[in-house]
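Because the structure is a prediction, the values reported are computed rather than measured. A, B, ... follow the sequence lines: proteins, then strands. Residue 1 opens every chain. Any value given below was found using the heavy atoms of this structure, including those in side chains, with hydrogens, waters and symmetry copies removed.
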Amino acid sequence: MTLDTFVIQLTNGLVFSLLLFLIAAGLSLIFGLMDVVNLSHGAFYLLGAYVGLSITRWTGSFWLALLFSPLLVAVIGLVVERFLLRQLYRRGHLDQVLCTFGVGLILADVMRSVWGSYVESVAIPAPLDGQIVIGGLPFPVYRLAVIVFGLLIALGLWLLIERTLVGAMIRAGVNDAQMASALGINIPRLFALVFAGGTALAALGGVAASPILNIYQGLDSEILILALVVVVIGGLGTLQGAFWASLIVGMADVFGKALLPEFSVFVTYAIMAGVLLVRPQGLFRREQTRLA
Amino acid sequence: MLKVRNIHTYYGGSHVLHDVSLDLEAGQTVALLGRNGAGKTTTINSIIGFVPPRAGSITFKGATITGAPPYTLAHMGMGLVPQGRRIFSSLTVEENLRLAQRAAGRRNGWSLERIYATFPVLQERAKSGGTQLSGGEQQMLAIARALATGPDVLLLDEPSEGLAPLIVAEVGRMLAALKREGLAMLLVEQHVALAISVADVVYVLNKGQIVFSGAPAILQQNSAMRQQYLGV
Ligand SMILES: Nc1ncnc2c1ncn2[C@@H]1O[C@H](COP(=O)(O)OP(=O)(O)O)[C@@H](O)[C@H]1O
Ligand SMILES: [Mg+2]
């Protein structure tokens, strides 16, 4: 691998990592706060991409898609949380896993009948369509924009979680939701908020990825599996964990495919197994207490 | 102010509380005593809504709260100092307090100044993570956090548990001061002397049933009963 291709792959790795972060952040917070393994998360990502595709086609504006697709998908997430998941919080993990898996399957079927089984893609929006040359190397502007956008979202989320009252409520809820409730925090509302926020982030990732990665049926489970690996490596309910683990998994995926095409999947799982051996709780897991 | 009437509480299939009733009037301190496993925490869990009773009723300020979600009780003015303290480890001391001030949405929560004046050690540790504190400091934080919600009734579950004698005495002084201010308290304790020193009324639980209720002096004179139900 020459230095040039290394730099290009590094850029691609960063792009993929930050997209992965958008998806995994919500999954990790939902898992950490609500103790729900949301297996429909990948479907919300793909739904975000498809809804974005349609909005872009109707209105001709990718930017409207980037804004409205996550909002629409968040509303669907709210409905799922309110009418399905909320009934199951007092039940075991198995019921929740079956429920979210079922929601994912239903969404996948709906997407297949609405958007068909073609491989779709979205044109790169005009102002970002092109390349800039840095140090003699051409970089696609859109990819650089995704990196900046992803970093800004990560920073915004970090400020939200670490510096605001709602963020403190979420952290308290991750530590001990029952005690947080006894202090007056409306836990059902906090769960709904985090679930909707998480699905919106996944959808945002779906739209942001659509000009560079194709959209197709089955992408939901591919993305879900990678995001689950990120959550396992990073630890439950931590944004920092999701961020660094996304970088690890995203880079491993891109460089694995470039250097060891036959073993790229293996590389990701080997890293996960290694982390699990050394730190079974993940790299950054928040301490949790669950009583009664 | 708080009336518990004939409650029966279960964990899954195991029937833990049998027909428990108790009363707490405004300004009163009621102690709930009993051996380990007697059902004291379960009584607290039933009142605060962690484990709703399957039968019986609980009223708070005249409203029926049986099975109400815990956060609504905090909004009504019920504060909890739980067994084991349950400090949020991802929050600093100050965040633990600020969160409590805001979460219950009440106006009469203790201000940070007042809390720091009462618990100077918490000011020194304001920026520390909640669980980096010593056991005694964590207990102070758990009490301060409950006061920050502005409770009219405070439920305290073994606030002296695991603390050195000097710190236990400090907790005792703190409870006496809160009582002088007119805060109603339901105090669960294994430390019988501490409980008797502040309580107006004492209840004794044994195997999920109330076996004694009355003035602390009566319990103090009845050494046979103390021996049988409290082991002291
Ligand atoms: N989460 C739980 N699940 C099942 N049984 C429990 C649970 N918590 C307590 N118990 C049982 O209920 C009984 C009363 O416990 P508890 O109320 O914690 O007693 P105390 O606070 O008086 O020590 C005990 O027999 C205990 O084993
Ligand atoms: Mg107990």
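Closest approach of B/Y71 to A/G184, counting heavy atoms only: CB-C, 3.6 Å. Nearest heavy atom pair, residue A/S181 against residue B/A74, reads O-CB, 4.5 Å. The two residues A/A168 and B/L91 make their nearest non-hydrogen contact at O-CD1, 3.9 Å. Of all non-hydrogen atoms in B/L80 and A/A182, the two that sit nearest each other are CD2-CB, 3.9 Å.
We find the CE-CZ distance between A/M169 and B/R102 to be 7.5 Å, quoted to the nearest 0.5 Å. In this structure, A/R171 CZ and B/T92 OG1 are separated by 7.5 Å, a value rounded to the nearest 0.5 Å. Here the CD1 atom belonging to A/I170 is positioned 12.0 Å from the OG atom belonging to B/S90, to the nearest 0.5 angstrom. Note that CD of B/E95 is 7.5 Å distant from CD of A/E162, once rounded to the nearest 0.5 Å. Atoms CG and CZ, on A/N175 and B/R86 in that order, are 11.5 Å from each other to the nearest 0.5 Å.
Counted within 6.0 Å of NZ on B/K61, heavy atoms from surrounding residues, nucleotides or ligands total more than 12; the atom is thus considered enclosed. Dense packing is recorded around CZ of B/R54, with more than 12 heavy atoms of other residues, nucleotides or ligands lying under 6.0 Å away. Heavy-atom contacts from other residues, nucleotides or ligands closer than 6.0 Å to OH of A/Y89 number more than 12. The neighbour count for A/W244 CH2, taken as heavy atoms of other residues, nucleotides or ligands under 6.0 Å away, does not exceed 12.
Proximity to chain A is limited to the side chain of B/I48, based on heavy atoms less than 4.5 angstrom apart. The parts of A/I185 that come within reach of chain B are both its backbone and its side chain, each placing non-hydrogen atoms under 4.5 angstrom from that chain.
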Step-by-step side-chain contact (heavy atoms from CB on, under 4.5 Å) determination, A/M179 to B/F88: CA-CA 9 Å; A/M179 187 61 221; B/F88 303 115; 4.0 Å; yes
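Side-chain atoms of B/T149 do not come within 3.5 Å of backbone N or O of A/L183 as any donor-acceptor pair.
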